[in-house]
Trainee: 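Just passing along the structure, written as structure tokens.
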Amino acid sequence: MTEPLLELTDVTKTFPNGTRALRGVSLRVAPGTVHGLVGANGAGKSTLIKVIAGVHPPTTGTLTWRGIGRTWRDPGAARRAGLATIHQHIPLVPALSVLENVFLDRGGFRRTPAGRRAEFADLVDRLGYPVDPDALVGDLPIGARQMVAILQALAAGAELVVMDEPTASLSEGERRIVFDAVRRLSGQGTAFLYISHFLDEILELTGHVTVLRDGRVVLDDPTAAVDEEILVRSISGRELQAAEAVPALVPERSAPVRLDVAGLSSPGRLADVSFQVQAGEVLGLAGLLGSGRSEILAAVFGDDPAATGTIRVEDRRIHAHRRGFGGDRGPRDAVAAGIAYVPEDRVRQGLHVDLPLWQNVSLPYLASYSRGGAVPRVDSERAQTRRAVGDLGIVAAGIETTPAQLSGGNAQKVAFAKWLYGDAKVWLLDEPTAGVDVGAKADLLGLVRRLAADGKAVVVVTSEFEELLAVCSRVLVVRRGRVVAERTAAETSEEELMMLAQGLGTPAVRDAG
Amino acid sequence: MPAERRWPESLKLSRAGVVYALVALVAVLTVASAAQGRAPYLDPMNVSNILDQTALLGILAVSTTIVLISGNFDLSIGSVAALGAALCLSLIGPIGFWPAFGVALATGALVGLFNGVVVQFVGINAFIVTLGTMTGVRGLVLIVTDGRTVTPPTGDGANALRAIDAGRWITPNLYLVAGIALLLFAGWRLWTRRSIGVRDAALRSKAVLVPGIAGIVLVAASPVLIFTVQLTQRTTYLLVLVAVAAWVLRFTTVGRRLYATGGNPEAARLAGVAVNRYKVLAFVLNGTAAAFVGVLYSARIGSINPTGLTGYELTALAAAILGGTALFGGVGSVLKSLAGALILVTLKNGFNILNLGANWQGLIEGLVLIVAAAMYTVSTRRPTVRATTE
Amino acid sequence: MPAERRWPESLKLSRAGVVYALVALVAVLTVASAAQGRAPYLDPMNVSNILDQTALLGILAVSTTIVLISGNFDLSIGSVAALGAALCLSLIGPIGFWPAFGVALATGALVGLFNGVVVQFVGINAFIVTLGTMTGVRGLVLIVTDGRTVTPPTGDGANALRAIDAGRWITPNLYLVAGIALLLFAGWRLWTRRSIGVRDAALRSKAVLVPGIAGIVLVAASPVLIFTVQLTQRTTYLLVLVAVAAWVLRFTTVGRRLYATGGNPEAARLAGVAVNRYKVLAFVLNGTAAAFVGVLYSARIGSINPTGLTGYELTALAAAILGGTALFGGVGSVLKSLAGALILVTLKNGFNILNLGANWQGLIEGLVLIVAAAMYTVSTRRPTVRATTE
Amino acid sequence: TDTSSAPADAAPDAKNLTIGVSNLGKNFPFPAAIVGGIDEKAKELGVKLVQVDAQGTAEKQANDVQDLIGQKPSGVLLLPVDSGVATGLADQLKTAGIPTVAVASQVGDPAGRKIEDVYPGLVALVTQAEVKAGRIAGELAVEALPSGGKVAIVEGTAGFAEVKTRSAEFLAPAQAKGVDLTVVARQPGDWVPDKAQSACQNILAAHPDVALIYNQSDDMAVGCSKAVKAAGSKAKVIGVGGSKLGVEGVSGGDIYGTVCYKPKDMGALALQVLYDQLTGAKKRDAEFVTYDTPGITKANVADCAPQW
Ligand SMILES: Nc1ncnc2c1ncn2[C@@H]1O[C@H](COP(=O)(O)OP(=O)(O)OP(=O)(O)O)[C@@H](O)[C@H]1O
Ligand SMILES: Nc1ncnc2c1ncn2[C@@H]1O[C@H](COP(=O)(O)OP(=O)(O)OP(=O)(O)O)[C@@H](O)[C@H]1O
Ligand SMILES: O[C@@H]1[C@@H](O)[C@H](O)OC[C@H]1O
Ligand SMILES: [Mg+2]
Ligand SMILES: [Mg+2]
């Protein structure tokens with residue numbers, strides 16, 4: 001075996017709040033390989049890569065980089081040594097352009113030296129993902145930001161690129177782009193440490209895989225020696241169906257319409273989107289990054305001041321009395337009418353990262369936990385949150401912890417839990433399983449089915465077409481802000497959805513535009 | 001989380017640092033004043049004075065805290081207070097005290113509404129908007145007063161004005177009160193621990209015995225040790241306001257939503273919170289409180305000078321931030337802001353008591369401000385590496 | 001992005017709103033002053049006066065902008081400037097001007113370093129720290145001056161002091177300068193467009209012809225139309241500082257890192273930017289600039305009294321924020337802050353020229369502040385339409 | 001005018017006297033100089049001082065007086081931040097039975113109370129007469145412009161009583177002598193030289209023919225004189241105060257004239273008045289005590305030894 005590029009020995013990490021995230025992890029990454037790292041939410045993956053990247057000092061243990069023991073003084077030191085990291089939370093500077101973010105770590109004298117744009121164009125070409133170098137990062141949706149972060153890491157020309165769930169917010173097309181880039185670069189000698197909850201990605205992409213469970217390594221083998229079942233078992237520590245092959249519920253024809261969207265338009269974003277969702281139905285929205293799926297959900301929820309059209313929840317028209325749907329009136333009316341909304345950007349839109357879990361969970365239906373609608377009953381808020389922690393398998397030190405102290409997948413579950421115990425009739429879920437581990441993903445999808453079974457109407461946006469087909473009875477394909485096709489889950493396939501989303505409709509396309 | 005853990009939690013240095021800073025400051029002043037051979041620093045009269053002097057600043061610190069929690073910023077309150085005072089004093093003659101009082105409060109509320117609407121709906125930075133109203137309203141004060149100090153005409157109106165600030169209330173002996181409180185507390189602990197098993201006996205006996213004995217000692221000593229404080233009416237207003245605000249913030253949906261609004265307005269809005277309303281109302285409250293402070297000021301002083309109450313906004317902000325309120329929303333406690341205000345007032349009072357030369361006061365005040373903030377910042381500090389969640 | 005697109009972009013209302021606000025204000029003042037039958041508002045002398053009066057505030061607005069971009073806040077600069085002045089004036093006698101000047105600047109830098117270190121490494125809120133140094137340093141000024149107005153002894157030292165601010169420079173005729181600049185610009189456009197094909201002929205002719213003809217007209221008219229402005233030495237300092245700062249921020253890596261530091265310190269740190277160093281250095285720069293302003297002030301006035309330069313920090317902050325600088329870091333432009341400072345100075349200059357009564361000035365100033373900010377906030381607001389790219 | 005003084009050992013308890021001084025703000029040179037005079041006199045008389053400092057704000061002064069009363073001084077010297085606000089403070093001191101002398105500023109609204117009409121309950125008011133000082137400045141103006149001309153006034157910060165009092169009778173001498181002084185501009189200089197300089201620059205740009213600029217303080221006169229010089233104007237500059245800078249300006253010719261205030265003497269005088277009251281050497285009741293504030297020009301500049 002060749003000398004490892006990176007070697008960790010007996011690394012432990014205990015956070016100031018007492019959480020022991022790593023309990024003696026050893027790991028060797030060989031040069032030029034793609035090394036997979038998997039584990040359940042809260043297993044310690046992100047913590048481990050933060051130790052590797054110099055973000056957290058390890059509590060104990062050693063890190064050897066190219067044969068030399070190192071203690072990174074700061075993340076810059078690791079980067080300069082040839083180790084680039086894409087963190088799970090995509091840390092970019094919103095007020096700077098894409099170009100400047102991609103080359104944020106560059107030294108030299110001139111801010112944008114001659115040739116930088118060419119270098120950027122080159123990089124974009126190599127990745128195969130076009131993005132406007134002058135767009136402000138703050139204006140980009142989360143998927144595009146993820147791609148910028150990838151560009152940033154690739155631009156560093158590092159020997160080892162660490163990627164923490166790079167594809168969690170990407171759709172199939174972009175995911176392919178990332179795969180191709182990883183393969184190409186590893187062929188040229190760059191090593192990758194690749195974290196993902198998509199086991200198919202791990203099996204397809206990596207040469208070696210390490211599984212973490214509760215801060216310990218429970219499996220460390222060449223990928224060739226494992227299969228999905230083995231991985232699932234070591235991740236969760238129990239037997240588990242990877243993706244349940246239960247067919248989605250098809251609602252009765254006579255089931256009442258819960259959500260009726262007609263002629264929903266928004267200049268530059270959406271054009272004449274119409275659809276209905278019946279009680280007991282799960283409707284999926286498929287599309288590429290930036291196709292407008294999130295914008296549809298936001299507009300229905302009343303978070304688009306420029307939107308027009310009619311929206312009815314059980315025959316009650318909402319957002320009608322205003323010019324637009326925006327401000328804080330829109331969401332308030334939507335909540336009052338019985339809509340629940342899990343937005344895609346959980347940190348910016350879904351969570352109060354510094355409030356305790358129980359205050360996050362009770363916020364949307366606070367009045368219902370309160371005496372006279374005015375004085376919250378803390379006990380019942382806490383009880384409900386404890387129940388959510390159990391129901392969704394949230395790994396947390398307790399309900400007093402804040403989302404800031406949770407792992408990515410667990411934070412996502414909190415954003416979901418907020419709506420769980422209200423009496424919403426319509427659920428809008430934007431990437432509800434982003435960053436959620438295999439076990440929990442099955443649980444969440446089960447939960448979505450149960451919502452439908454309880455007679456709710458659910459609209460799901462998820463970039464995984466497989467997941468859409470597993471949970472939805474019907475799928476709308478969105479492209480450039482329009483619904484371009486409609487399929488029942490039974491009569492379509494991932495491949496067809498992909499083609500439709502890319503605008504390569506089969507002759508049989510029923511164009512909705 | 002068990003009850004016996006929760007109580008000390010809120011008393012931890014990192015949680016209540018400003019209170020410890022206040023205690024430390026008072027301790028230093030007590031020692032220094034004893035060393036100079038003066039009357040005990042904490043004698044009832046000086047305590048009464050400190051409370052009285054904190055009243056107006058404290059009220060503004062409380063309402064400023066609310067604006068800060070909501071995620072905004074208000075520099076206009078010093079000017080608004082002066083306007084409230086000027087309006088009230090100049091209208092007492094023509095329309096009588098109560099209508100004048102109403103006009104003053106309404107004007108304060110209106111300026112707050114203006115701030116709130118411009119900040120929230122036009123979307124201009126609160127700093128520049130309230131700097132604008134601070135300047136503009138001070139200009140209004142000059143116009144209303146024509147640059148002169150205004151005094152109310154003598155008569156019924158002036159009497160009514162004085163009456164809203166004239167009351168005084170002498171507390172019962174505080175040693176007795178504290179003793180009784182401790183005894184009740186011990187009793188409550190005994191009662192809540194009824195059901196706890198033998199293994200907690202030691203803990204239980206300590207948890208009950210310490211306050212119990214302390215209580216008995218205090219009650220027994222109370223005929224000899226006497227400490228009664230005189231509360232002026234404005235102090236009472238402050239205490240009532242603090243109690244109400246603390247209760248609302250901590251125990252009601254309004255409070256919860258206010259914190260949510262300031263902490264992450266976007267997430268709050270998408271959870272159905274009327275974010276704009278909360279933010280605007282915080283400004284309105286602050287304006288109204290400022291006008292009320294102006295009226296109290298004029299009742300205390302009997303007049304208002306056109307430059308009066310200048311700079312109060314910065315002091316109120318300092319009190320709030322010393323109390324741990326975040327500048328950018330979502331975090332703050334009116335009780336701690338009150339402690340912050342007490343630090344600022346105690347410090348100046350201490351200078352007066354110790355007869356410290358004016359030249360040195362600024363330097364010491366600046367240092368104390370930083371040290372007080374450092375005292376608990378250091379203990380609250382986020383781990384060197386900021387928690388990173390996505 | 002083609003050059004002909006980028007230029008007008010930076011002139012759009014939403015990008016350069018503060019400049020439009022300034023232009024609007026000057027237009028109003030010009031009309032008002034004409035209506036009162038006075039000399040043209042924009043005559044060379046008044047323009048020189050405005051520039052001169054902007055110098056000190058402008059320098060502070062620039063360095064304050066840098067602190068704001070870095071994600072911090074500095075209230076101490078008014079006091080630091082006064083300390084710089086007091087030190088320089090009181091040390092000229094004992095040690096001569098240049099050493100005294102050095103001590104003043106070093107002290108300013110030191111206070112900045114203190115602010116920076118306490119904010120970054122102890123982790124206390126910049127508002128409270130710099131409020132503390134504002135108070136403490138003002139105390140130092142009082143100690144240094146012992147409450148008196150300080151004047152330098154007459155002699156070489158005082159002459160050297162005066163010399164750093166005594167120069168004056170008369171610009172060439174600005175019509176001629178502008179004409180030549182336009183002609184050069186037209187030439188440059190012609191040159192850069194050499195290679196563009198026929199289909200751009202129309203565009204090219206417009207892009208070249210408009211500045212070309214305007215340039216010829218101006219040059220031709222320059223013997224008759226004469227507009228020469230007198231730049232005082234401190235105006236020159238300001239212009240040099242603005243040019244250097246704008247260049248560094250816009251065209252060097254230091255600028256990118258500073259914006260990144262303020263915009264998202266965590267992202268910057270993860271990308272290897274020495275975040276703490278940038279933040280601390282911004283404070284140091286601000287302290288040094290403040291001390292320099294203090295020395296210029298004392299050179300101009302020949303003395304400093306203990307309350308001198310009070311409140312400058314708020315005015316500098318207002319200028320920066322009026323120029324669109326964010327309070328919370330990552331956004332700001334020194335050129336626009338200069339425009340913000342010019343608005344504030346022009347307004348007061350306008351009051352003087354129009355002889356507006358002192359009582360009314362506050363109200364109008366406040367309103368103008370808000371309207372100026374509103375003017376471009378409204379236009380900067382997120383466009384309702386976002387382009388869809390896939 | 002009363003400047004009588006009693007021997008230091010007039011009363012047996014003289015050594016135990018503690019006198020409170022509520023100063024409006026040592027950060028302002030004028031009150032700082034008054035306090036300097038009080039300090040020196042206190043050493044001479046052997047009385048103890050307890051000093052509190054309002055840092056220029058009326059509300060702090062209210063707290064200061066409360067704290068002073070708590071320390072039960074034998075008497076108090078009150079240097080009011082604001083005349084109107086001071087009435088309440090004087091009442092409190094009176095209620096507490098503490099003999100009080102007001103210094104430097106009147107107690108009671110200057111618009112409704114003549115300065116000689118001392119607020120009841122005070123032992124005395126020791127001050128320069130502000131309105132009279134403005135009148136003396138007006139006399140200087142007539143002297144400077146015997147045939148009249150355009151005049152500008154640079155005022156202190158709007159809202160200060162001195163802004164009104166120092167202008168109230170400024171034009172009276174001209175009227176009395178039939179000299180035509182026309183005020184063409186009246187702008188704030190906020191008591192500080194830099195703002196006064198800007199104001200004068202701007203006034204001169206708008207009215208190049210201004211012949212005289214009256215500044216309500218010497219600091220402002222100094223700043224203004226620089227603007228006049230830089231503009232090459234012939235306008236004469238007048239100040240008020242007799243400060244070091246002002247007197248230097250007068251002897252150097254940059255400033256035409258000023259009104260000579262003597263803060264140190266005034267402080268000493270005030271303490272003496274209170275001391276006399278407490279020792280019984282001389283009892284006063286609401287007496288107006290003042291000193292001479294002559295107008296100073298280059299001709300008699302030697303008569304004004306600057307005290308601040
Ligand atoms: N800053 C922190 N303070 C306290 N505890 C933390 C902090 N960051 C992470 N943790 C805890 O450490 C554990 C490991 O978290 P980590 O983020 O490494 O998980 P992960 O494997 O990346 O999970 P995910 O798949 O959900 O991203 C979790 O229990 C989490 O709650
Ligand atoms: N690469 C990109 N560069 C700039 N803007 C982009 C890019 N991709 C998407 N957008 C923006 O995203 C908006 C649509 O995003 P939306 O979030 O609704 O799409 P989505 O289908 O939900 O995709 P996502 O997977 O990102 O959530 C468009 O208006 C567009 O402005
Ligand atoms: O010089 C001024 C003084 O005379 C006045 O009394 O108050 C303000 C001062 O600066
Ligand atoms: Mg993770
Ligand atoms: Mg989306």
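For the numbers below, each heavy atom of this structure counts, side chains included, while hydrogens, waters and symmetry mates do not. Every chain is numbered from 1 and lettered A, B, ... according to where its sequence line falls, protein lines coming before strand lines.
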Trainee: Among B:Leu131, B:Val118, B:Val371, which residue forms the greatest number of heavy-atom pairs with chain C at distances under 4.5 Å?
Mentor: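 Result: the option with the highest number of such pairs is B:Leu131.
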Trainee: Specify which of B:Asn125, B:Leu140, B:Leu367 makes the most heavy-atom pairs with chain C at under 4.5 Å.
Mentor: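 Ranked by contacts with chain C, first place is B:Asn125.
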Trainee: Specify whether B:Phe127 and C:Phe73 have parallel, tilted or perpendicular ring planes, treating 30° as the upper limit for parallel and 60° as the lower limit for perpendicular.
Mentor: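 Aromatic pair B:Phe127/C:Phe73 classed perpendicular.
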Trainee: Out of B:Thr135, B:Asn115, B:Thr133, which one pairs with C:Ile370 under the side chain to side chain contact (heavy atoms under 4.5 Å, CB included) rule?
Mentor: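 In the set B:Thr135, B:Asn115, B:Thr133, the residue that makes a side chain to side chain contact (heavy atoms under 4.5 Å, CB included) with C:Ile370 is B:Thr133.
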Trainee: Roughly how far, to the nearest 0.5 Å, is the CD atom of B:Gln361 from the CD1 atom of C:Ile143?
Mentor: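 Answer for the CD1-CD pair, C:Ile143 versus B:Gln361, is 10.5 Å.
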Trainee: For the CD atom of B:Glu365 and the CE atom of C:Met134, what is their distance to the nearest 0.5 Å?
Mentor: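 Nearest 0.5 Å value for the CD-CE distance: 9.5 Å.
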Trainee: Looking only at heavy atoms, what is the nearest atom pair of B:Leu363 and C:Gly136, with distance?
Mentor: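 The answer is CD1-O, 3.5 Å.
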Trainee: Locate the shortest heavy-atom distance separating C:Leu142 from B:Ala358; write the atom from each residue and the value.
Mentor: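 Heavy atoms only, the tightest pair is CD2-O, 3.7 Å.
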Trainee: Find the one option among B:Leu369, B:Leu75, B:Ile128 whose heavy-atom pairs under 4.5 Å with chain C are most numerous.
Mentor: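 Of the options given, most contacts go to B:Ile128.
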Trainee: Which answer fits B:Ala326, side chain, backbone, both or neither, if we ask what part of it has an atom under 4.5 Å from a heavy atom of chain C?
Mentor: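 Neither the backbone nor the side chain of B:Ala326 comes within 4.5 Å of chain C.
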Trainee: Name the option with the most non-hydrogen atom pairs under 4.5 Å to chain B; the candidates are C:Ile364, C:Leu327, C:Val129.
Mentor: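 The candidate making the most pairs under 4.5 Å is C:Leu327.
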Trainee: Quick one: pull up CD in B:Glu313 and CG in C:Leu314 and give me the separation to the nearest 0.5 Å.
Mentor: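 One finds 8.0 Å between CD of B:Glu313 and CG of C:Leu314.
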Trainee: Quick check on the interface: out of B:Val141, B:Thr145, B:Asp146, who has the most heavy-atom pairs with chain C under 4.5 Å?
Mentor: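 That would be B:Asp146.
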